[in-house]
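Comments concern the structure below.
As the structure is a computational prediction, the values presented were derived from the model and not from experiment. This chain uses plain numbering: 1 for the first residue, then up along the sequence.
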Amino acid sequence: RAGREPLTISQTRQAHYACFVEGVAAAEWATSRTSCAVIVPHSMGLFAAYHVAGALEFEEALQLMDRLCLLLHEQRPFVPCSTGATAGLPRVAVDELLASATVPVWIADWYDDDVFLVSGPQHAVEAILKRAPARGATYTKSTPATAPYHTPELVSFEESAHQYLAGVIVSPPRIPVISSIDGSVSRTADDVRREVARNACHPMNWRVAVKVLASNAFRVDTVVECGSSVSLTEMIRHHLPIDSAPVTIAALAREAVMS
């Protein structure tokens with residue numbers, strides 16, 4: 001998005017639709033070319049992941065994502081928020097920056113040893129990112145948001161989400177799904193409901209999820225990032241076994257064109 005105007009809830013919903021469709025399409029194309037042993041969703045990619053895994057029908061997954069987004073925003077006053085990415089800082093330096101903020105800002109994802117995502121009010125996140133280079137950060141980026149996603153600020157929403165999910169048809173996933181929150185694996189319908197309910201209001205830990213992915217339990221030899229980004233794939237290369245071959249949708253697409 002160009003400019004620094006606050007993101008609207010309508011724009012957030014449109015972005016969710018686009019990411020959902022892109023994720024499902026990419027995953028279905030990828031699985032037509034290689035088998036899928038396990039899925040590791042990230043943030044709102046959870047809904048596309050559970051559809052691909054067979055736990056939710058397409059329309060139900062899309063409607064569930066949208067309804068939970070609306071429900072979350074109905075329960076809290078709108079405050080312009082942001083997520084802020086930092087690279088090059090150790091955890092202790094990030095914690096010190098957060099402690100210096102005038103209002104609460106939280107770590108929303110621990111991507112890699114020195115790569116973090118923080119979340120909170122827009123002015124506070126941007127102030128932290130301005131100070132980060134002086135502490136040694138090699139990269140920072142702020143992205144507008146309509147809520148402090150993946151933070152304790154939204155913990156009260158979890159119970160409302162649980163109640164709504166009680167009326168949603170959910171099947172046991174045919175493909176195991178690893179949580180990007182704590183590395184637990186969804187194998188039952190109850191597992192799916194629990195993960196969906198807590199998705200927006202708990203911090204993610206991509207490092208832990210990747211360690212589970214790289215464990216002997218799944219014997220992964222190829223990783224496909226289902227979307228237009230390559231950032232998650234780049235951050236897991238050194239966590240996977242030496243004989244694994246992390247690839248992206250873009251790489252598979254080039255292979256398809258050349259074959």
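- For the 3.5 Å distance criterion, the side chains of Glu195 and Ser179 qualify, holding a donor opposite an acceptor.
- Under 4.0 Å is where a charged nitrogen must lie from a carboxylate oxygen, and between Asp95 and Arg91 at least one such pair does.
- Here the closest non-hydrogen pair linking Pro41 and Val177 is CD-CG1, 3.4 Å.
- The side-chain heavy atoms of Thr86 and Val115, taken from C-beta on, include no pair separated by under 4.5 Å.
- Taking 4.5 Å as the limit, some side-chain heavy atom of His202 sits within range of a side-chain heavy atom of Glu158.
- Cluster membership check: Val168 shares its hydrophobic cluster with Val52, using side-chain heavy-atom separations under 4.5 Å among Ile, Leu, Val, Met, Phe, Trp and Tyr.
- Under a hydrophobic-cluster definition in which Ile, Leu, Val, Met, Phe, Trp and Tyr are linked whenever side-chain heavy atoms come within less than 4.5 Å, directly or via other members, Leu71 and Val170 are assigned to the same cluster.
- Val105 and Leu129 fall within a single hydrophobic cluster, where Ile, Leu, Val, Met, Phe, Trp and Tyr side chains are chained together by heavy-atom contacts under 4.5 Å.
- Between the NE2 atom of His42 and the CD atom of Glu225 there is a distance of 9.5 Å, given to the nearest 0.5 Å.
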In sequence, state the C-alpha distance, the side-chain angles, and the governing distance for His150 and Cys201, and then conclude on side chain to side chain contact (heavy atoms under 4.5 Å, CB included).
CA-CA 4 Å; His150 304 294; Cys201 44; over 6 Å; no

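- Taking the ring centroids of Phe116 and Trp110, they lie under the 6.0 Å cut-off.
- You'll find the side chain of Pro203 stays beyond 4.5 Å of the side chain of Ile181, heavy atoms only.
- Between Leu72 and Leu68 the shortest side-chain heavy-atom distance does not fall below 4.5 Å.
- A donor-acceptor distance shorter than 3.5 angstrom exists from the side chain of Thr31 to the backbone of Glu28, with no hydrogens or angles considered.
- Within the structure, no pair that satisfies the side chain to side chain donor-acceptor pair (under 3.5 Å) test touches residues 51-65, not counting sequence neighbours.
- Between atom OG of residue Ser180 and atom OH of residue Tyr111 there is a gap of 9.0 Å, rounded to the nearest 0.5 Å.
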Test ring pair (Phe, Tyr, Trp, His ring centres under 6.0 Å) on Phe20 and Phe58; report intermediate values, then the result.
CA-CA 10 Å; Phe20 176 84; Phe58 183 91; 5.1 Å; yes

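- Annotation for Ala147 and Ser119: closest pair O-OG, 4.4 Å, computed over non-hydrogen atoms.
- Within the 3.5 Å criterion, the main-chain N or O of Ser184 finds a donor-acceptor partner in the side chain of Asp182.
- Atom-to-atom distance recorded for Arg194:CZ and Thr188:OG1 is 10.0 Å, nearest 0.5 angstrom.
- Checking Thr12 against Thr146 by side-chain atom types alone, a donor-acceptor pair falls below 3.5 Å.
- Checked against a 6.0 Å centroid threshold, the rings of Phe157 and Tyr149 do not count as neighbours.
- The backbone N or O of Pro90 lies less than 3.5 Å from no partner atom in the side chain of Asp113, so there is not a single donor-acceptor pair.
- A donor-acceptor pair is defined here as one N or O able to donate and one able to accept, closer than 3.5 Å; no such pair exists between the side chain of Ser82 and the backbone of Gly84.
- Between Arg174 and Gly54, the closest heavy-atom pair is NH1-CA, 3.6 Å.
- For the pair Asp66 and Arg13, the salt-bridge criterion is met [side-chain N within less than 4.0 Å of a carboxylate O].
- Looking at Leu64 and Leu56, their side chains come closer than 4.5 Å, going by heavy atoms from C-beta outward.
- Grouping the Ile, Leu, Val, Met, Phe, Trp and Tyr side chains by contacts below 4.5 angstrom, directly or via other members, places Leu154 apart from Leu70.
- Counting only heavy atoms from C-beta outward, the side chains of Tyr50 and Val196 approach each other to under 4.5 Å.
- For the pair Val212 and Ser215, the tightest heavy-atom approach, listed with the atom from each and the gap, is O-OG, 2.6 Å.
- The structure places CG of Leu89 at 8.0 Å from CG of Asp114, a figure rounded to the nearest 0.5 Å.
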Give the intermediate values and the outcome of side chain to side chain contact (heavy atoms under 4.5 Å, CB included) for residues Arg135 and Glu96.
CA-CA 10 Å; Arg135 298 296 301 272; Glu96 289 171 355; 2.3 Å; yes

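- Qualifying side-chain hydrogen bond (donor to acceptor under 3.5 Å, both in side chains) partners for Asn199, counting only residues two or more places apart in sequence or in other chains: none.
- Ser186 OG to Ile178 CD1: the interatomic distance, rounded to the nearest 0.5 Å, is 10.0 Å.
- With hydrogens and angles disregarded, no donor-acceptor distance shorter than 3.5 Å links the side chain of Arg131 to the backbone of Glu126.
- Put simply, the side chain of Val103 reaches to within 4.5 Å of the side chain of His123, judged on heavy atoms.
- Annotation: side chain of Leu46 is not in contact with side chain of Met65 (no heavy-atom distance under 4.5 Å).
- Rounding to the nearest 0.5 Å places CD1 of Ile175 at 12.0 Å from CZ of Arg187.
- Side-chain contact check for Ser156 and Gln75: no donor-acceptor pair (N or O, by modelled atom type) lies under 3.5 Å.
- Between the side chain of Asn205 and the backbone N or O of Val208 there is at least one donor-acceptor pair closer than 3.5 Å.
- Between Glu74 and Arg67, at least one side-chain N (NZ, or NE/NH1/NH2) sits under 4.0 Å from a carboxylate O, which counts as a salt bridge.
- Across Ala37 and Pro176, no two heavy atoms sit closer than the pair O-CD, 3.4 Å.
- When atom types are taken as modelled, the side chain of Arg193 and the backbone of Leu165 share a donor-acceptor pair closer than 3.5 angstrom.
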Assess the residue pair Ile128 and Leu98 against the criterion (side chain to side chain contact (heavy atoms under 4.5 Å, CB included)); give the C-alpha distance rounded to whole Å, side-chain angles, the decisive distance to 0.1 Å, and a yes or no.
CA-CA 7 Å; Ile128 286 172; Leu98 299 186; 3.6 Å; yes

List the steps and the verdict of side chain to side chain contact (heavy atoms under 4.5 Å, CB included) for Val38 and Leu213.
CA-CA 8 Å; Val38 62; Leu213 174 68; 3.5 Å; yes

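- Trp106 and Trp206 end up in different hydrophobic clusters when Ile, Leu, Val, Met, Phe, Trp and Tyr side chains are linked at under 4.5 Å.
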